[in-house]
Amino acid sequence: MPRVTAIEAFRVSLPLVHAFQTSSHRKSHLEHILVRVRDADGAVGWGEIASPSDPYYCPETADICWLTLERYLGPALLGAAWDEPTEVGALWARIRGHHFAKAGPEIACWDLWSRRTGLPLAGALGGERQTIEAGVSLGIEPAVADLLIQAGRYAAEGYRRIKLKIAPGWDVEPVRAVREAHPGLALHVDANGAYTEEQEDVFTALDHFGLTMIEQPYAPGALAAHARLQSRLETAVCLDESVDDLDQLDTALELGAGRVLNIKVSRMGGLAAARAAHDRAVEGGWQVWCGGMHEFGVGRAANVAIASLPGFTLPSDVSGSDKYYAHDVVEPPIRATDGQVPVPSAPGLGHEVDEALVRRIASATLSLEA
Ligand code: OSB
Ligand code: MG
């Protein structure tokens with residue numbers, strides 16, 4: 001029975017190999033929080049808080065997560081005994097929201113427990129795949145020609161699915177260009193909620209490009225508007241920001257606010273919550289896939305593990321570490337070969353954290369003990 005007696009957190013910033021722009025922001029570095037937990041028997045596990053540093057994707061930020069971990073999540077976890085990592089979420093039941101912050105220590109507990117048990121994390125979660133289908137997410141570029149270079153590069157590396165970020169003024173034209181250059185590619189778009197129903201014509205136009213889905217066209221709370229759009233389109237509507245708990249998922253399923261769910265471990269609040277969303281969405285007849293938050297290797301390995309569950313039938317946003325980072329914090333880095341990422345068979349996350357590196361480059365550290 002594990003009992004976490006020490007929690008350490010490290011704020012780490014890594015440069016991106018290529019700046020990433022969405023409908024709301026542009027990034028050249030990502031700052032995430034790596035979380036190390038140790039139990040009374042000396043077993044160790046790692047997790048990652050992959051919240052953005054600003055509140056443009058979700059209300060949480062790295063600063064808020066740091067504080068939430070220090071003041072609420074850490075103290076509630078320290079000293080508590082649990083048999084299985086599925087019980088960890090209940091320790092935080094009265095802390096509303098803060099899913100990105102919760103996901104970090106929760107992943108760390110799954111890693112610790114599966115290492116103790118000798119199980120690969122994927123197997124511990126009920127994953128069945130040996131490899132997962134990887135895809136890349138391409139940001140908004142200065143010009144269509146730049147986007148075509150990016151798309152060509154990843155298609156040549158063997159990725160067979162590409163998602164394009166769109167925003168008003170950067171939608172039909174770039175989609176047409178990539179579709180013409182890569183007719184065989186599985187292609188979809190992600191608006192990060194940048195449109196309103198008055199701009200529905202954009203989606204009617206995008207309906208003719210054989211896209212796999214249109215991700216989060218409208219604002220997170222606009223479930224009824226997503227349902228109206230879905231009823232008018234052939235293309236599947238996919239929800240990301242709209243769903244961060246099972247109740248919102250229930251509402252979305254009941255309204256028919258889409259046909260596809262992007263499941264992010266961070267957005268849902270951890271691996272157990274992500275697995276529950278997978279079960280519920282599949283039961284409701286939706287397709288699911290694993291999204292990402294530009295995770296470093298720790299969070300990326302957790303994404304690989306959850307994506308190995310049988311219901312994840314669409315390609316993920318889980319590309320190799322090298323799509324974002326020249327030097328990742330884990331060994332070996334996550335690698336995609338021919339558009340596939342292997343699911344590790346070693347215990348836990350299946351990748352070792354370069355702890356010396358993390359301690360050296362951390363801009364702040366936090367240490368809590370029972
Ligand atoms: O909406 O899926 C998104 C990155 C940051 C914030 C939101 C999103 C994304 C991505 C990147 O699309 C996916 C990845 O990690 O490769
Ligand atoms: Mg998205």
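Whatever order the structure lists them in is the order used to number ligands and atoms, beginning at 1.
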**Asked** Does E215 come within less than 4.0 angstrom of ligand 1, counting non-hydrogen atoms of the residue?
**Response** yes

**Fill in**
Counting from 1 in the order shown, the ligand 1 atoms closer than 4.0 Å to a non-hydrogen atom of K165 are 1 (O), 2 (O), 3 (C), 8 (C), 9 (C), 10 (C), 12 (O)

Checking contacts here: is it the side chain or the backbone of [X] that comes within 4.0 Å of ligand 1, counting heavy atoms only? Could be both or neither.
| X | answer |
| --- | --- |
| D240 | side chain |
| K323 | neither |
| V136 | neither |

**Message:** I'd like to know if the side chain of E295 pairs up with that of H32 as donor and acceptor (distance under 3.5 Å, no hydrogens or angles considered).
**Reply:** no

**Item:** Short side-chain donor-acceptor distance under 3.5 Å, T365 and E8
**Value:** no

**Asked** Backbone N or O of I166 within a donor-acceptor pair of the D171 side chain at under 3.5 Å?
**Response** no

**Request:** State plainly whether the residues R161 and D317 are in salt-bridge range, i.e. N to O under 4.0 Å.
**Result:** yes

**Prompt:** Taking atom CZ of R94 as the centre, does the number of heavy atoms from other residues, nucleotides or ligands within less than 6.0 Å exceed 12?
**Reply:** no

**Asked** Is atom CD of Q199 surrounded by more than 12 heavy atoms (other residues, nucleotides or ligands) closer than 6.0 Å?
**Response** yes

**Prompt:** What's the OD2-the Mg ion (ligand 2)-OE2 angle here (D190, E215), rounded to 10 degrees?
**Reply:** 90°

**Request:** Confirm or rule out an N/O/S atom of D240, from backbone or side chain, lying less than 2.8 Å from the Mg ion (ligand 2).
**Result:** yes

